[in-house]
Amino acid sequence: MTTKKIIHAVLRIVPAVILLQTLFFKFSAAPESVYIFEQLGLEPWGRIGLGVIELIIALLILIPKTTWIGALLGIGIMLGALFSHLTQLGIAVQNDGGTLFILALVTLIFCLVLAWQQRTQIPYIKKLF
C-alpha cells in the first residue's frame, strides 16, 4: 500500500470511527448526551435523529464511491456541532475538558480534507476543475 493510499484510508477511517463511537452514547441515552440535547432543546428526537444521520455519514465516508457525499454532510453536521459548542454549550461540557469539541473539530478538518481530495467527483464543482 502506498503512502498516499494509507493517508487517504486514515482520512476516511478517523472521522467514521469518531462518528460511530458517539452513537453508543446517543442511542443509549447516556446522561452526557441527554444533557447536551436538553441544553439545545432537541431532546430526545434531535439526539436520535442526529445519531441516525451520523451513522449514515460514517457509512458514506467509508464507501469509496460515496466518500465525497459523507464528507460534505460531515462538514455540515460538524459545523452545527461546533456552532452549538461556541454559542450554547461551551468548549467543555460537563467537565469533559473540551473532548467533544476537539473530536468535532478533528472530524470537521478530516471531512474538509476529504471533500477537497474528492472535489473532482462532486457534481457542479467538478466542472470548475
Side-chain angles (χ1 to χ4, degrees):
M1 202 176 222
T2 66
T3 303
K4 187 175 180 179
K5 287 184 179 183
I6 292 170
I7 290 170
H8 185 66
V10 169
L11 285 168
R12 288 179 28 233
I13 293 168
V14 169
V17 167
I18 290 171
L19 290 167
L20 292 171
Q21 66 93 20
T22 63
L23 295 181
F24 171 77
F25 299 100
K26 286 183 178 77
F27 291 150
S28 68
E32 302 86 3
S33 189
V34 171
Y35 172 81
I36 289 168
F37 285 94
E38 282 177 347
Q39 296 305 305
L40 299 173
L42 299 173
E43 177 61 29
W45 299 111
R47 175 177 49 81
I48 295 166
L50 283 170
V52 170
I53 292 168
E54 289 176 8
L55 172 62
I56 293 167
I57 291 169
L59 295 175
L60 288 170
I61 287 172
L62 291 172
I63 300 168
K65 288 186 178 186
T66 61
T67 297
W68 68 270
I69 300 169
L72 292 178
L73 292 171
I75 290 167
I77 291 291
M78 290 305 109
L79 285 173
L82 291 169
F83 181 78
S84 296
H85 275 278
L86 293 173
T87 59
Q88 289 182 278
L89 299 171
I91 303 292
V93 179
Q94 290 192 324
N95 299 317
D96 75 344
T99 301
L100 290 175
F101 181 82
I102 292 167
L103 289 173
L105 191 58
V106 168
T107 303
L108 173 65
I109 291 167
F110 278 52
C111 286
L112 285 166
V113 173
L114 283 171
W116 178 255
Q117 284 183 337
Q118 303 283 310
R119 67 190 179 280
T120 59
Q121 295 183 25
I122 302 172
Y124 303 110
I125 294 179
K126 71 180 175 183
K127 294 176 185 177
L128 301 172
F129 295 97

**Student:** Taking Ser33 for the side chain and Ala29 for the main chain, is one N or O donor matched with an acceptor at less than 3.5 Å?
**Tutor:**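 Such a contact is absent between Ser33 side chain and Ala29 backbone.
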**Student:** Tell me the closest heavy-atom pair linking Cys111 and Gly74, and the distance in Å.
**Tutor:**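 Closest approach of Cys111 to Gly74, heavy atoms only: SG-CA, 3.9 Å.
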**Student:** Are Leu23 and Leu19 packed together at the side-chain level, in the sense that at least one heavy-atom pair is separated by less than 4.5 angstrom?
**Tutor:**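 When only atoms from C-beta onward are counted, Leu19 and Leu23 do not touch, as no gap falls below 4.5 Å.
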**Student:** Atom CD1 of Ile75 and atom CZ of Phe110: how far apart are they, to the nearest 0.5 Å?
**Tutor:**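 Reported value, rounded in 0.5 Å steps: 13.5 Å.
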**Student:** Does anything in residues 13-57 form a ring pair (Phe, Tyr, Trp, His ring centres under 6.0 Å)? List the pairs, not counting sequence neighbours.
**Tutor:**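 Non-adjacent pairs meeting ring pair (Phe, Tyr, Trp, His ring centres under 6.0 Å): zero.
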**Student:** Any non-hydrogen side-chain atom of Asp96 less than 4.5 Å from a side-chain atom of Glu32?
**Tutor:**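 Answer no - side chains too far apart.
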**Student:** Go through Leu89 and Leu40 one step at a time and tell me if the side-chain contact (heavy atoms from CB on, under 4.5 Å) criterion holds.
**Tutor:** CA-CA 8 Å; Leu89 299 171; Leu40 299 173; 4.2 Å; yes
**Student:** Do Ile36 and Ser84 come within less than 4.5 Å of each other through their side chains, counting heavy atoms only?
**Tutor:**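 Contact flag for Ile36/Ser84 side chains = no.
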**Student:** I want to check something: taking the side chain as every heavy atom from C-beta on, are Leu86 and Phe101 in contact at a cut-off of under 4.5 Å?
**Tutor:**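 Yes, their side chains come closer than 4.5 Å.
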**Student:** Taking the side chain as everything from C-beta on, heavy atoms only, tell me whether Ile77 gets closer than 4.5 Å to Leu50.
**Tutor:**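 A side-chain contact exists here, since the closest heavy-atom pair is under 4.5 Å.
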**Student:** Identify the two heavy atoms, one from Val34 and one from Glu43, that lie closest to each other, and give their separation to 0.1 Å.
**Tutor:**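 Closest pair (atom of Val34, atom of Glu43, distance): CA-OE1, 3.7 Å.
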**Student:** Where do Ala81 and Ala104 come nearest, in terms of heavy atoms and distance?
**Tutor:**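 Where Ala81 meets Ala104 most closely, the heavy atoms are CB-CB, 4.3 Å.
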**Student:** Among Arg119, Gln118, Gln117, which residue meets the side-chain hydrogen bond (donor to acceptor under 3.5 Å, both in side chains) test with Gln121?
**Tutor:**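 So the option named by the test is Gln118.
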**Student:** If I compare all heavy atoms of Ile61 with all of Thr67, which pair ends up nearest, and what's the gap?
**Tutor:**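 Reported closest heavy-atom pair: O-OG1, 3.0 Å.
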**Student:** Nearest 0.5 Å please: distance from the CD1 atom of Ile18 over to the CE atom of Met78.
**Tutor:**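 Interatomic distance, Ile18 CD1 to Met78 CE, rounded to 0.5 Å: 8.5 Å.
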**Student:** Transitively linked via ILVMFWY side-chain contacts under 4.5 Å: Trp68 with Ile63?
**Tutor:**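 No, separate clusters.
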**Student:** Can you name the closest pair of heavy atoms from Leu114 and His8 and give their distance?
**Tutor:**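 Closest approach of Leu114 to His8: CD2-CE1, 3.8 Å.
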**Student:** Looking at every non-hydrogen atom in both residues, tell me the closest pair between Ile122 and Ala115 and how far apart they are.
**Tutor:**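 Residues Ile122 and Ala115, closest heavy atoms: CD1-O, 3.9 Å.
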**Student:** Is a donor on one side and an acceptor on the other found under 3.5 Å between the side chain of Thr66 and the backbone of Ile69?
**Tutor:**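 Not at all, since once roles are kept as given, no pair shorter than 3.5 Å links the two residues.
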